[in-house]
Amino acid sequence: MHKLLNRDFLNYGGLFYFYFMIWAIVLAFLPLWLKDTAGLNETEAGFVFSSMSLIALCYHPFFGVIQDKLCYRKNLFAVIAIALLFMGPFFSYLFQELLAYNVYAGALLGSGYLSLCFFGGVGVVESFIEKVSRKNGFEYGHVRLFGSLAGATATFIGGMLYVNNPNSIFWFGSGSAVLLCILLYLARVKNEDTTENTAAAKAPGITKQDVLQILKLKSFWAFALIIVGTASIYDVFDQQFPNYYVTFFATKEAGIDTFSKLCATQTALEAVLMVFAPALVNKIGAKRGLLLFGLLTFVRIAGSAVFTTPMALSAFRLIAAFEMPLMLVSVMKYIASVFDVRLSATVYLLGFNLAKQGAVVIFSSVAGGMYSSLGFQSTYMFLAASVLIITLISVFTLSNDKALKEKAAKEKLVAAVEH
């Protein structure tokens with residue numbers, strides 16, 4: 001327990017809290033702002049979100065390599081934190097004017113900034129804190145729960161801010177970014193001044209060949225495959241689920257009210273389960289954690305297609321509270337166990353973020369057409385079948401991380417005895 005209450009743990013928890021506070025409050029209300037304040041229609045707003053995803057794909061390869069080269073240094077994280085300081089001025093004085101002048105040019109320029117802050121920047125934030133968590137001796141999953149708490153807080157206060165003044169949520173983001181920058185400045189890495197760390201700094205740096213070698217590994221493509229077949233479909237399923245959910249209520253308003261309460265319950269449950277996820281993944285192994293995530297995703301999607309009462313749909317929705325902690329912890333532990341830890345940020349941003357967002361762009365288009373032609377239930381069965389097939393393939397293609405850890409421990413013991 002003392003590890004969870006020390007200064008460093010709380011400092012990095014604060015980084016997650018304020019970063020995801022800004023993320024949640026801005027992205028949750030961005031669709032409304034684009035329509036109500038900027039005056040965009042659905043097609044134009046869709047172009048903004050598509051541009052954000054596509055531009056983020058360009059950031060990932062560079063961000064991963066840069067962060068691995070920086071290792072424990074905070075330079076790239078600082079760039080993102082400083083960019084977040086300008087959230088309020090950007091929306092109040094620049095973005096709206098750009099969109100009014102030319103929707104598509106404004107969307108592209110705005111997406112470049114928003115992708116830096118969010119869809120591109122999130123990989124830097126998560127991979128940096130994961131590296132530091134291993135160095136500082138605390139579980140990534142434990143410190144990540146602060147992000148879930150931030151989401152719950154943003155849901156609570158965001159509506160009140162937006163009703164009073166739509167631009168106030170972005171100025172709230174700027175204020176949160178001030179605290180984010182202060183916490184980043186104060187953040188420490190354990191033993192960063194020791195001879196061990198000095199020797200690590202003098203070790204051969206990451207080269208272009210190191211990065212290219214990742215792309216030649218079967219284990220990398222096996223990892224990317226399960227992310228494409230599970231995490232990306234998880235996101236695609238959630239995109240339109242609210243529209244499906246509310247159709248099973250007497251009125252749309254009643255459905256929306258119930259769904260908002262359901263999401264709040266899910267977020268709270270997710271934060272609690274994040275505490276226990278590291279222990280579970282340590283026990284069963286990261287590979288089995290990823291496979292279990294795939295199985296739960298299949299059950300949630302298929303169940304939502306077959307069982308269509310409000311109570312059943314709500315119960316299947318709450319499975320997401322188990323899925324998210326399991327996925328986040330399993331992904332980080334799998335990367336640390338199977339790949340060269342010096343390249344963990346590169347693997348994370350390429351194998352997880354890049355693969356996931358690229359697949360979301362493709363699956364979103366496919367699912368959108370299927371919703372119109374086949375309906376929600378048939379589309380969900382297609383998505384569920386895709387998840388199940390790729391999860392079954394991954395049983396044979398993913399590396400056994402527990403066996404690799406045991407082998408590494410034995411080699412370390414032998415080396416110690418010989419020394």
Side-chain angles (χ1 to χ4, degrees), residues 8 11-12 15-16 19 55-85 112-113 115-138 140 143-144 180-181 183-217 219-221 223-224 227 328 331-358 404 408:
D8 294 327
N11 193 327
Y12 283 100
L15 289 176
F16 261 140
Y19 178 77
I55 292 173
L57 296 180
C58 300
Y59 283 131
H60 292 320
F62 300 103
F63 281 1
V65 175
I66 293 170
Q67 186 56 60
D68 279 330
K69 285 180 175 292
L70 291 170
C71 196
Y72 301 117
R73 284 176 286 173
K74 301 177 281 188
N75 306 53
L76 188 54
F77 196 154
V79 169
I80 295 165
I82 291 170
L84 288 166
L85 289 171
Y113 169 72
S115 293
L116 170 66
C117 294
F118 299 125
F119 293 162
V122 66
V124 174
V125 174
E126 293 186 318
S127 61
F128 172 77
I129 296 180
E130 190 278 332
K131 278 180 180 287
V132 174
S133 69
R134 284 186 276 114
K135 182 71 173 175
N136 282 18
F138 50 77
Y140 168 82
V143 74
R144 180 61 175 77
L180 180 71
C181 289
L183 287 173
L184 183 60
Y185 176 77
L186 296 174
R188 303 182 302 185
V189 178
K190 184 178 178 182
N191 299 326
E192 59 184 338
D193 297 322
T194 64
T195 54
E196 176 192 350
N197 205 52
T198 303
K202 293 180 179 179
I206 295 169
T207 66
K208 179 181 178 182
Q209 286 69 32
D210 292 327
V211 176
L212 293 176
Q213 190 63 34
I214 291 175
L215 302 179
K216 298 178 182 179
L217 297 174
S219 54
F220 171 80
W221 294 106
F223 172 65
I227 296 305
L328 290 171
V331 163
M332 291 302 188
K333 287 186 177 293
Y334 186 84
I335 291 173
S337 299
V338 174
F339 301 97
D340 184 345
V341 292
R342 295 181 307 127
L343 299 166
S344 60
T346 300
V347 174
Y348 180 72
L349 273 91
L350 291 179
F352 182 78
N353 279 16
L354 181 64
K356 180 169 172 273
Q357 289 188 10
L404 289 171

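By convention here, the first residue in the shown sequence is residue 1. Remember, predicted model here, so these are calculated numbers, not experimental data. What's counted below: heavy atoms across the whole structure, side chains too, no hydrogens, waters or symmetry copies.
I82 approaches C181 most closely through the heavy-atom pair N-SG, 4.2 Å. Here the closest heavy-atom approach between residue R73 and residue Q67 is recorded as O-NE2, 3.6 Å. Residues L15 and L184 approach most closely at CD2-N, 3.5 Å, considering heavy atoms. Heavy atoms only, all atoms of each residue included: A83 and L116 are closest at CB-CD2, 3.9 Å. Of all heavy-atom pairs between I80 and G121, the closest is CD1-CA, 3.5 Å. Considering every non-hydrogen atom in both G120 and A56, the closest pair reads N-CB, 3.9 Å.
Two residues are said to be in side-chain contact when any heavy atoms from C-beta on lie closer than 4.5 Å; F223 and V338 fail this criterion. Inter-residue side-chain proximity for R144 and M332 is flagged as unmet; no heavy-atom pair is nearer than 4.5 Å.
With sequence neighbours excluded, no residue forms a side-chain hydrogen bond (donor to acceptor under 3.5 Å, both in side chains) with Y140. Applying the ring pair (Phe, Tyr, Trp, His ring centres under 6.0 Å) rule to F220 yields no partners; only residues at least two apart in sequence or on another chain are considered. For E130, the side-chain hydrogen bond (donor to acceptor under 3.5 Å, both in side chains) criterion is met by R134, not counting sequence neighbours. For the ring pair (Phe, Tyr, Trp, His ring centres under 6.0 Å) test, residues two or more places apart in sequence or in another chain that qualify with F118 are W23. Annotation: side-chain hydrogen bond (donor to acceptor under 3.5 Å, both in side chains) contacts of D8 (sequence neighbours excluded): R188.
To the nearest 0.5 Å, the span separating OH on Y72 from NZ on K135 amounts to 5.0 Å. Atom CD of Q213 sits about 9.0 Å away from atom CG of L215, to the nearest 0.5 Å. Atoms CZ and SG, on R342 and C71 in that order, are 10.0 Å from each other to the nearest 0.5 Å. To the nearest 0.5 Å, the span separating CD1 on I66 from CG on L76 amounts to 6.0 Å. Note: L70 CG to F128 CZ = 9.0 Å, rounded to the nearest 0.5 Å. Note: D68 CG to I214 CD1 = 7.0 Å, rounded to the nearest 0.5 Å.
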Distance-only donor-acceptor pairs under 3.5 Å for side chains of residues 347-354, two or more places apart:
from, atom 1, to, atom 2, distance (Å)
Y348, OH, E126, OE1, 2.2

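A side-chain donor-acceptor contact under 3.5 Å links K74 to the backbone of A187. For Y19 (side chain) and V122 (main-chain N/O), a donor-acceptor pair under 3.5 Å exists by modelled atom type.
Between Y12 and F138, the ring planes lie tilted relative to each other; the angle falls in the 30° to 60° range.
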